[in-house]
Protein chains: 2
Amino acid sequence: MPDFLPPSAPAGRPGCELCREAGGTLVFQSARWRVIRADDAAFPAFYRVVWREHVAEWSDLALADQAALMGAVTAVERVLRDGLAPTKINLASLGNVVPHLHWHVIARFDWDSRFPAPVWAAAARAVEPPPAARLRVPLEELDARVARAVAALAPAA
Amino acid sequence: MPDFLPPSAPAGRPGCELCREAGGTLVFQSARWRVIRADDAAFPAFYRVVWREHVAEWSDLALADQAALMGAVTAVERVLRDGLAPTKINLASLGNVVPHLHWHVIARFDWDSRFPAPVWAAAARAVEPPPAARLRVPLEELDARVARAVAALAPAA
């Protein structure tokens with residue numbers, strides 16, 4: 001597993017969870033962003049692309065940085081689409097609880113516990129067998145594919 | 001108010017709500033995307049940037065089209081930040097119900113009915129006076145500012 005690279009001092013914000021730790025299973029770390037898997041049993045194919053430095057809002061980023069970040073988001077989305085054939089991809093940058101810029105990239109399936117509601121809505125159904133067992137690709141293999149895809153965009157830090 | 005421009009035939013998808021109608025108060029229409037306000041009483045400063053043609057996923061767009069779309073999203077976000085000083089901006093492209101590519105751009109406030117949960121979560125509190133009355137800028141003026149900002153990116157169609 002790659003190493004978590006904290007923000008370059010003094011940009012890290014004391015108390016910010018995403019300045020202090022990876023925030024999930026670290027899949028790939030570049031100098032400017034990292035990709036983690038969220039370890040959410042209900043939504044196993046749930047990745048996040050996290051900007052390394054502490055900025056709160058999307059529009060705080062310069063255009064070139066926005067393009068770099070969305071390049072990684074797009075690459076993750078493509079791996080999920082190609083590998084899992086999900087019903088839909090959900091993308092979101094919210095940050096109300098942890099205002100450190102990060103994008104959620106989530107593969108959604110018509111059988112998942114909230115579909116078609118957003119993952120943040122109340123569960124609508126129980127899912128058996130468990131979601132991870134239903135994916136076409138095991139999570140370790142999916143992580144490896146995500147890591148390869150985003151490594152083509154930026155060297156590992 | 002600008003006119004809604006449907007997808008160029010035959011790209012429109014029968015039965016798709018966002019191929020058939022604007023999807024809210026139409027604020028600005030360019031040849032490739034439009035900006036609407038969602039008319040949500042709980043979240044009055046809730047805009048959507050809708051791709052004109054029917055594509056389902058973000059990664060279906062070519063890189064230049066992604067950049068154009070996010071340019072509009074960023075411009076809307078900046079107007080909301082400058083005019084309203086929200087606690088946070090929320091961005092999302094979900095499309096589980098209407099799989100026609102659109103971005104939600106939502107100004108969130110620590111006093112709103114769901115904060116810090118996503119707008120799709122259950123309401124946590126009643127809000128009085130009503131949200132629209134609490135904004136620093138009246139909605140008509142906000143719409144006008146959004147329209148001016150995105151008109152700088154692409155001519156009106």
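In the text below, chain A, chain B and the rest are named by the order of the sequence lines, each starting its count at 1.
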Out of curiosity, does Leu139(A) fall in the hydrophobic cluster containing Phe43(A) (side-chain heavy atoms, cut-off under 4.5 Å, transitive links)? no

Please state whether the side chain, the backbone, both or neither of Ala122(A) comes within less than 4.5 Å of a heavy atom of chain B. neither

Looking at CG of Leu101(A) and CD1 of Ile89(B), how far apart are the two atoms once the value is rounded to the nearest 0.5 Å? 12.5 Å

Is any residue of residues 56-84 of chain B within less than 4.5 Å of chain A by heavy atoms, and which ones? Ala56(B), Glu57(B), Trp58(B), Ser59(B), Asp60(B), Leu61(B), Gln66(B), Met70(B), Thr74(B), Glu77(B), Arg78(B), Arg81(B)

Please tell me whether Val27(B) and Trp103(B) are part of a single hydrophobic cluster in this structure, the criterion being side-chain heavy atoms less than 4.5 Å apart. yes

Quick one: closest heavy-atom pair of Ala117(A) and Asn96(B), and the distance? O-ND2, 3.7 Å

In terms of the angle between their ring planes, are Trp120(B) and Trp120(A) parallel, tilted or perpendicular, with boundaries placed at 30° and 60°? parallel

In the single-linkage hydrophobic clustering (I, L, V, M, F, W, Y; side-chain heavy atoms under 4.5 Å), do Leu91(A) and Ile36(A) co-cluster? no

Membership question, hydrophobic clusters at under 4.5 Å side-chain separation (ILVMFWY): are Trp51(A) and Val49(A) in the same one? yes

Between Phe4(A) and Trp33(A), is there a shared hydrophobic cluster once you connect ILVMFWY residues whose side-chain heavy atoms come closer than 4.5 Å? no

Those residues of residues 125-133 of chain A that come under 4.5 Å of chain B on a heavy-atom basis, listed by number, are none

Atom of Pro116(B), atom of Val97(A) and distance for their closest heavy-atom approach: CB-CG2, 3.9 Å

Neighbour count >12 (heavy atoms, 6.0 Å) for atom CG, Asp3(A): no

